[in-house]
Protein chains: 2
Amino acid sequence: MPTPPDYPQMLRGAELRVTRPRVAVLGAVHAHPHADTESIIGAVREDLPEVSHQAVYDSLHTLAAAGLVRRIQPAGSVARYEARIGDNHHHLVCRSCGTVADVDCAVGAAPCLHASDDHGFTIDEAEVVFWGLCPACSPTRS
Amino acid sequence: MPTPPDYPQMLRGAELRVTRPRVAVLGAVHAHPHADTESIIGAVREDLPEVSHQAVYDSLHTLAAAGLVRRIQPAGSVARYEARIGDNHHHLVCRSCGTVADVDCAVGAAPCLHASDDHGFTIDEAEVVFWGLCPACSPTRS
DNA sequence: CGCTTTTCTTGAACGAGTCAAGAAACGGTA
DNA sequence: TACCGTTTCTTGACTCGTTCAAGAAAAGCG
């Protein structure tokens, strides 16, 4: 079994100052994958009841910039965050309720990572979003 | 050479009422691919100076629901619209300036359209976004 | 322990998009 | 062509996720 994540050490490894809000935010993102900012604020306040929403916004931006969390924002949704990073996975998004689920990359390592014509762009990431209806929102047909 | 698009006829074909705002919005989306709502409002007002922003919002929603235009919204961007639909193409987005370019699907018809594990979702679309820097924003290295 | 820099608190502000009520326009029918 | 019911547009207020800004607190170095 893997060792539980050492959030302060992860912050130091990214050359970030270790602050109580950042540790709590990092923990909340690990505990609640795909949570939006408001949910993360709620989770963080279970540990630190006094944190400001701005501290959470700042921490999320900092952690995302450092690569410790990933920010995703499906069209029509608020920002969501996840701690699973660097493994090239993609997302399923429910058009009805907005639920997000992870999917491993379909064709292995880096399938759709090459555009047929890059128009001179320097591409660093390919994001794949599968749109549909989750089991709870699918019309049950008998 | 293809015949120029007959916007009123396209609206009727989708069983939508033909109104001057809708025709102008449809034309603006065709003329300005990937334009955001504000740009579309500006373009529409060249023909109809008095249209309200709400009429443009409503028209865009209606046209998108009817499948005559497609709404795209890369993370961190406002909503953008395009008239190229039904051909399974994807997008290049510049992280710096937000420019959007079209790319044909890399592996032909429907490459990444199948998730490795659909988690019970009913998937109807796979959206691929390539992130990077456009030629204008790329650091020129000599 | 004290100092400098970064981060957090507080509170206001921004802006894309939505909501709601009444006026106008579409298009089927007489 | 005129009428009528329904849809759409105008007007203006409003929501809410997110950002901005100034000063207070705290991280981490010497």
Side-chain angles (χ1 to χ4, degrees), chain A residues 7-29 34-45 47-66 68-69 71-81 98 100, chain B residues 7-29 34-45 47-66 68-69 71-81 98 100:
Chain A
Y7 303 128
Q9 194 53 44
M10 293 170 69
L11 290 167
R12 285 190 204 97
E15 301 190 339
L16 297 177
R17 286 194 179 179
V18 178
T19 67
R20 288 165 58 73
R22 283 182 182 169
V23 173
V25 167
L26 192 49
V29 174
H34 312 133
D36 60 23
T37 308
E38 192 177 0
S39 302
I40 292 168
I41 291 174
V44 167
R45 285 191 175 151
D47 290 326
L48 303 171
E50 304 299 323
V51 278
S52 64
H53 70 141
Q54 190 65 11
V56 176
Y57 273 98
D58 285 350
S59 296
L60 286 170
H61 286 176
T62 305
L63 295 175
L68 293 179
V69 306
R71 175 186 174 129
I72 59 175
Q73 190 170 18
S77 168
V78 297
R80 294 165 176 274
Y81 295 87
V100 177
Chain B
Y7 303 127
Q9 193 54 43
M10 293 169 70
L11 289 167
R12 284 189 206 97
E15 301 191 339
L16 297 178
R17 287 195 178 181
V18 179
T19 68
R20 288 165 58 72
R22 283 182 182 169
V23 173
V25 167
L26 192 49
V29 174
H34 312 134
D36 59 23
T37 309
E38 192 178 359
S39 303
I40 292 168
I41 291 174
V44 167
R45 285 190 176 152
D47 291 324
L48 303 171
E50 304 299 325
V51 277
S52 63
H53 71 141
Q54 189 65 10
V56 176
Y57 273 99
D58 284 351
S59 297
L60 287 170
H61 285 176
T62 304
L63 294 175
L68 294 179
V69 305
R71 174 187 174 128
I72 59 175
Q73 189 171 19
S77 167
V78 296
R80 293 165 177 275
Y81 295 86
V100 177

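Letters A, B, ... are given to chains in the order of the sequence lines, protein chains preceding strands, and every chain is numbered from 1.
- Under the rule for a side chain to side chain contact (heavy atoms under 4.5 Å, CB included), the partners of A:D58 that lie at least two apart in sequence or sit in another chain are A:Q54.
- Within the structure, side chain to side chain donor-acceptor pair (under 3.5 Å) pairs that include any residue of residues 10-21 of chain A comprise A:Q9-A:R12 (at least two apart or interchain).
- The footprint of chain B on DNA chain D, defined by a heavy-atom cutoff below 4.0 Å, extends from D:dG5 to D:dT11.
- The side chain of B:T37 places an N or O atom within less than 4.0 Å of a non-bridging phosphate oxygen (OP1 or OP2) of C:dG17.
- Qualifying side-chain hydrogen bond (donor to acceptor under 3.5 Å, both in side chains) partners for A:R80, counting only residues two or more places apart in sequence or in other chains: A:S77.
- Rounded to an integer number of Å, the gap from CD of A:E15 to P of C:dT6 is 13 Å.
- The two atoms that bring A:H53 and A:R45 nearest to each other are N-NH2, 3.5 Å, heavy atoms only.
- Closest non-hydrogen pair, A:V44 versus A:A28, comes out as CG2-CB, 4.0 Å.
- Direction of the helix axis in the helix from C:dC1-D:dG30 to C:dA30-D:dT1 shifts by 30° between the two five-pair termini, rounded to 10°.
- Comparing A:D58 and B:Q54 by the nucleotide of DNA chain C whose heavy atom lies nearest to each, the residue mapping closer to the 5' end is A:D58.
- Atom CG of A:L11 is separated from atom P of C:dT6 by 17 Å (rounded to the nearest Å).
- Checked against side chain to side chain contact (heavy atoms under 4.5 Å, CB included), A:A66 has the following partners two or more places apart in sequence or in another chain: A:A14, A:L16, A:L68.
- The phosphate of C:dA16 (OP1 or OP2) has no side-chain N or O of B:H53 nearer than 4.0 angstrom.
- Counting to the nearest Å, the P atom of C:dT10 and the OH atom of A:Y57 are 17 Å from each other.
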**Report entry** Intermediate values then yes/no, side-chain contact (heavy atoms from CB on, under 4.5 Å), B:I41 and B:V51
**Finding:** CA-CA 8 Å; B:I41 291 174; B:V51 277; 5.6 Å; no
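- With sequence neighbours excluded, the residues that form a side chain to side chain contact (heavy atoms under 4.5 Å, CB included) with A:Q73 are A:R71, B:A75.
- Near DNA chain D, meaning a heavy atom under 4.0 Å from it, residues 16-25 of chain B has B:R17, B:T19, B:P21, B:R22 in order of number.
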Requested in this report: With side-chain contact (heavy atoms from CB on, under 4.5 Å) as the test, would you mind laying out the steps for A:L63 and A:V29 before giving the verdict?
Outcome: CA-CA 10 Å; A:L63 295 175; A:V29 174; 5.6 Å; no
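- Not counting sequence neighbours, A:S52 has no partner by the side-chain hydrogen bond (donor to acceptor under 3.5 Å, both in side chains) test.
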Requested in this report: Show your working on side-chain contact (heavy atoms from CB on, under 4.5 Å) between B:Y81 and B:T37 and close with a plain yes or no.
Outcome: CA-CA 8 Å; B:Y81 295 86; B:T37 309; 3.7 Å; yes
